[in-house]
*Asks:* 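Below is one structure. I have some questions about it.
So you know, we letter chains A, B, ... as the sequences are listed, proteins then strands, and number each from 1. The figures that follow rest on heavy atoms only: side chains count, while hydrogens, waters and symmetry mates do not.
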Number of protein chains: 2
Amino acid sequence: MSVQPNLGLLCFFPYRALEGRVLAALAEAGFDDMTLAQGRIAARIGERGTRLTELAEQAQVTKQTAGFLVDQLERAGYVRRLPDPTDGRARLVCFAERGRAAVAVARRVEAAVEAEWTAHLGEESARALRESLTRLREVTDPWR
Amino acid sequence: MSVQPNLGLLCFFPYRALEGRVLAALAEAGFDDMTLAQGRIAARIGERGTRLTELAEQAQVTKQTAGFLVDQLERAGYVRRLPDPTDGRARLVCFAERGRAAVAVARRVEAAVEAEWTAHLGEESARALRESLTRLREVTDPWR
DNA sequence: TGACGATGGTCAGCTTATCTGACGAGACTG
DNA sequence: CAGTCTCGTCAGATAAGCTGACCATCGTCA
């Protein structure tokens with residue numbers, strides 16, 4: 001590891017820390033059957049449901065892998081697959097009750113962690129950090 | 001995905017982008033047998049060599065997994081295991097010639113990507129971003 | 001309007017990455 | 001120097017990923 005880590009690596013530490021905290025909190029709250037890979041797929045499901053292909057693209061895995069993970073999420077009661085009214089081939093992966101409950105836990109932890117980080121950095125730096133990262137997303141996230 | 005992604009998720013996009021660019025450049029340069037998991041271990045090898053246990057801790061995998069990946073890196077000629085002069089049980093995972101060549105490629109890409117990002121954000125914002133992330137590391141990276 | 005290429009998803013089979021548990025050899029500590 | 005801890009490996013199981021092949025439906029354009 002270099003003396004002065006590059007920006008990408010510096011981004012990695014907070015990301016991994018948050019992911020770990022959320023997963024731990026989920027496990028603590030009784031959602032202890034959700035794995036990291038499942039969570040990464042679930043985190044990309046929109047409020048009105050998301051197609052499998054889209055989940056796969058955003059998570060950067062093949063649609064087969066995404067399907068495999070959604071199968072598990074479905075069996076565990078986190079999501080359901082509903083027919084897409086606008087396309088007979090497609091189905092929308094939507095949160096079920098249990099999934100919504102898990103999302104609520106995740107959101108709470110995210111907010112708590114963010115508050116800790118803001119306290120550590122100071123309001124103004126945290127605001128600037130968020131803004132820079134949002135702008136960086138324009139050139140690093142192929143999905144808008 | 002929320003309308004306003006949390007800080008952790010915002011950190012994820014640049015991280016993944018950089019990782020992808022580095023891996024692609026390595027493949028292009030003839031290091032096309034290195035996988036993402038191997039790269040994540042290799043990225044943590046220090047100049048004077050690093051113990052397997054330490055690699056495992058920093059990459060947050062078990063030492064068995066780290067050993068498995070180092071085996072492959074060794075077979076591919078990227079690293080060697082040398083006895084640790086200070087501890088008869090331990091061995092130091094060190095870069096071999098091929099590994100050093102790959103690191104040089106990775107460093108070049110990292111610098112190029114960072115330059116792109118700095119151009120996108122502006123000098124001052126990029127500097128502030130690096131500083132905030134470095135401070136955030138204090139509370140998100142258990143390995144300082 | 002109907003043939004055809006593109007798209008959404010699944011099935012099958014394989015490889016890679018990861019874990020838990022057990023263990024032996026060497027180091028450390030009282 | 002006995003007991004205990006640490007470093008690494010072996011063995012076996014499981015999770016997570018890939019490629020290739022395939023079918024049904026959509027959309028387009030001749």
Side-chain angles (χ1 to χ4, degrees), chain A residues 16 19-20 23-24 26-27 31-46 48-76 78-94 143, chain B residues 16 19-20 23-24 26-27 31-46 48-76 78-94 143:
Chain A
R16 180 171 68 179
E19 195 173 61
L23 201 70
L26 285 172
F31 306 111
D32 55 338
D33 52 348
M34 175 153 348
T35 67
L36 198 50
Q38 288 168 28
R40 285 173 183 159
I41 290 290
R44 289 169 168 81
I45 297 174
R48 290 182 297 278
T50 307
R51 292 185 187 181
L52 186 66
T53 304
E54 204 175 332
L55 293 178
E57 284 174 343
Q58 290 185 22
Q60 294 193 3
V61 297
T62 60
K63 48 189 183 168
Q64 291 90 329
T65 297
F68 171 77
L69 294 168
V70 168
D71 281 347
Q72 299 178 148
L73 288 168
E74 196 170 26
R75 251 181 278 119
Y78 289 111
V79 307
R80 270 176 305 186
R81 288 188 233 229
L82 304 177
D84 185 336
T86 74
D87 189 332
R89 296 164 299 179
R91 296 154 79 189
L92 292 173
V93 180
C94 303
W143 315 103
Chain B
R16 181 172 65 179
E19 196 173 61
L23 201 70
L26 285 172
F31 305 111
D32 55 339
D33 52 349
M34 177 155 343
T35 67
L36 199 49
Q38 288 169 28
R40 285 173 183 159
I41 291 290
R44 289 169 167 82
I45 298 174
R48 290 183 297 278
T50 306
R51 292 187 187 179
L52 187 64
T53 303
E54 203 175 332
L55 293 178
E57 283 174 344
Q58 291 185 21
Q60 294 192 3
V61 296
T62 60
K63 47 191 184 167
Q64 291 91 326
T65 298
F68 171 78
L69 294 167
V70 167
D71 282 348
Q72 298 178 145
L73 287 168
E74 195 169 27
R75 251 181 277 120
Y78 289 111
V79 307
R80 270 175 306 186
R81 288 190 232 227
L82 305 177
D84 184 336
T86 74
D87 190 331
R89 297 164 300 178
R91 294 155 80 189
L92 292 172
V93 180
C94 303
W143 313 104

*Asks:* Tabulate protein N/O versus nucleotide N/O from nucleotides 17-21 of chain C, keeping only pairs under 3.5 Å, one per line.
*Replies:*
| unit_1 | atom_1 | unit_2 | atom_2 | d |
| --- | --- | --- | --- | --- |
| C/dA17 | OP1 | B/T35 | OG1 | 2.6 |
| C/dA17 | OP2 | B/Q72 | NE2 | 3.2 |
| C/dC19 | OP2 | B/T62 | N | 2.8 |
| C/dC19 | OP2 | B/T62 | OG1 | 2.9 |
| C/dC19 | OP2 | B/T65 | OG1 | 2.9 |
| C/dT20 | O4 | B/Q64 | NE2 | 3.3 |
| C/dG21 | O6 | B/Q64 | NE2 | 2.4 |

*Asks:* Counting just side-chain N and O atoms, does A/R91 come under 4.0 Å of either OP1 or OP2 of C/dT10?
*Replies:*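 Result: yes.
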
*Asks:* When the distance from CE of A/M34 to P of D/dA15 is rounded to whole Å, what number comes out?
*Replies:*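 To the nearest whole Å, that distance equals 15 Å.
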
*Asks:* Looking at five pairs on each end of the helix from C/dT1-D/dA30 to C/dG30-D/dC1, what is the angle between the two axes, given to 10 degrees?
*Replies:*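 About 30° separates the two local helix axes.
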
*Asks:* Take the protein atom CZ of B/R75 and the nucleotide atom C1' of C/dT15, then report the distance between them rounded to whole Å.
*Replies:*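 Those two atoms, CZ and C1', are 13 Å apart.
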
*Asks:* Quick one: closest heavy-atom pair of A/A66 and A/V61, and the distance?
*Replies:*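 That would be N-CG2, 4.0 Å.
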
*Asks:* Using whole Å, what does the distance between atom P of nucleotide D/dA15 and atom CG of A/L73 come to?
*Replies:*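 So the CG-P distance, A/L73 to D/dA15, works out to 14 Å.
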
*Asks:* How long is the line joining CZ of A/R89 and C1' of C/dA6, in whole Å?
*Replies:*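 A/R89 atom CZ is separated from C/dA6 atom C1' by 8 Å.
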
*Asks:* Within the pair A/R81 and C/dT10, is there a side-chain N or O less than 4.0 Å away from OP1 or OP2?
*Replies:*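 Indeed, a polar side-chain atom of A/R81 lies that close.
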
*Asks:* Side-chain N or O of A/R51 less than 4.0 angstrom from OP1 or OP2 on C/dG8?
*Replies:*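 So the side-chain polar atoms of A/R51 do come within 4.0 Å of the phosphate oxygens OP1 or OP2 of C/dG8, strictly under.
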
*Asks:* I'd like to check B/Q38 versus B/L69 (side-chain heavy atoms, cut-off strictly below 4.5 Å). Are they in contact?
*Replies:*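 Sidechains of B/L69 and B/Q38: in contact.
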
*Asks:* Side-chain contact, heavy-atom cut-off 4.5 Å: A/D33 with A/Q72?
*Replies:*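 Sidechains of A/Q72 and A/D33: no contact.
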
*Asks:* Going by heavy atoms in the side chains, are A/R81 and A/E74 under 4.5 Å from each other?
*Replies:*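 They are in contact (side-chain heavy atoms under 4.5 Å apart), so the answer is yes.
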
*Asks:* Can you tell me how far P of D/dG8 sits from CD1 of B/I41, to the nearest Å?
*Replies:*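 Distance check: B/I41 CD1 to D/dG8 P gives 12 Å.
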
*Asks:* I want to check something: taking the side chain as every heavy atom from C-beta on, are A/E57 and A/K63 in contact at a cut-off of under 4.5 Å?
*Replies:*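 A/E57 does not reach A/K63 side chain to side chain.
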
*Asks:* So A/R91 and A/L82, side chain to side chain contact (heavy atoms under 4.5 Å, CB included) or not? Walk me through it.
*Replies:* CA-CA 5 Å; A/R91 296 154 79 189; A/L82 304 177; over 6 Å; no

*Asks:* Write down the distance between CD (A/E57) and C1' (C/dT7), rounded to a whole number of angstrom.
*Replies:*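 In whole Å, C/dT7 C1' and A/E57 CD are 11 Å from each other.
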
*Asks:* Considering only side-chain heavy atoms of B/L52, which listed nucleotide, D/dT6, C/dG9, D/dG8, is closest?
*Replies:*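 Minimum distance to the B/L52 side chain belongs to D/dG8.
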
*Asks:* Starting at the 5' end of DNA chain D and moving along, which residue's nearest nucleotide shows up first, B/G67 or A/D87?
*Replies:*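 The 5'-side residue here is B/G67.
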
*Asks:* Do B/Q64 and B/F68 come within less than 4.5 Å of each other through their side chains, counting heavy atoms only?
*Replies:*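 No - every pair of side-chain heavy atoms lies 4.5 Å or more apart.
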
*Asks:* Is the shortest heavy-atom distance from the side chain of B/L36 to the side chain of B/E19 under 4.5 Å?
*Replies:*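 B/L36 vs B/E19: side chains touch.
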
*Asks:* Is it true that a side-chain atom of B/T50 and a backbone atom of B/G46 form a donor plus acceptor pair closer than 3.5 Å?
*Replies:*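 Yes, because the side chain of B/T50 sits within donor-acceptor range (under 3.5 Å) of the backbone of B/G46.
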
*Asks:* Starting at atom CG of A/L55, determine the distance to atom P of C/dG9, rounded to an integer number of angstrom.
*Replies:*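 Those two atoms, CG and P, are 9 Å apart.
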
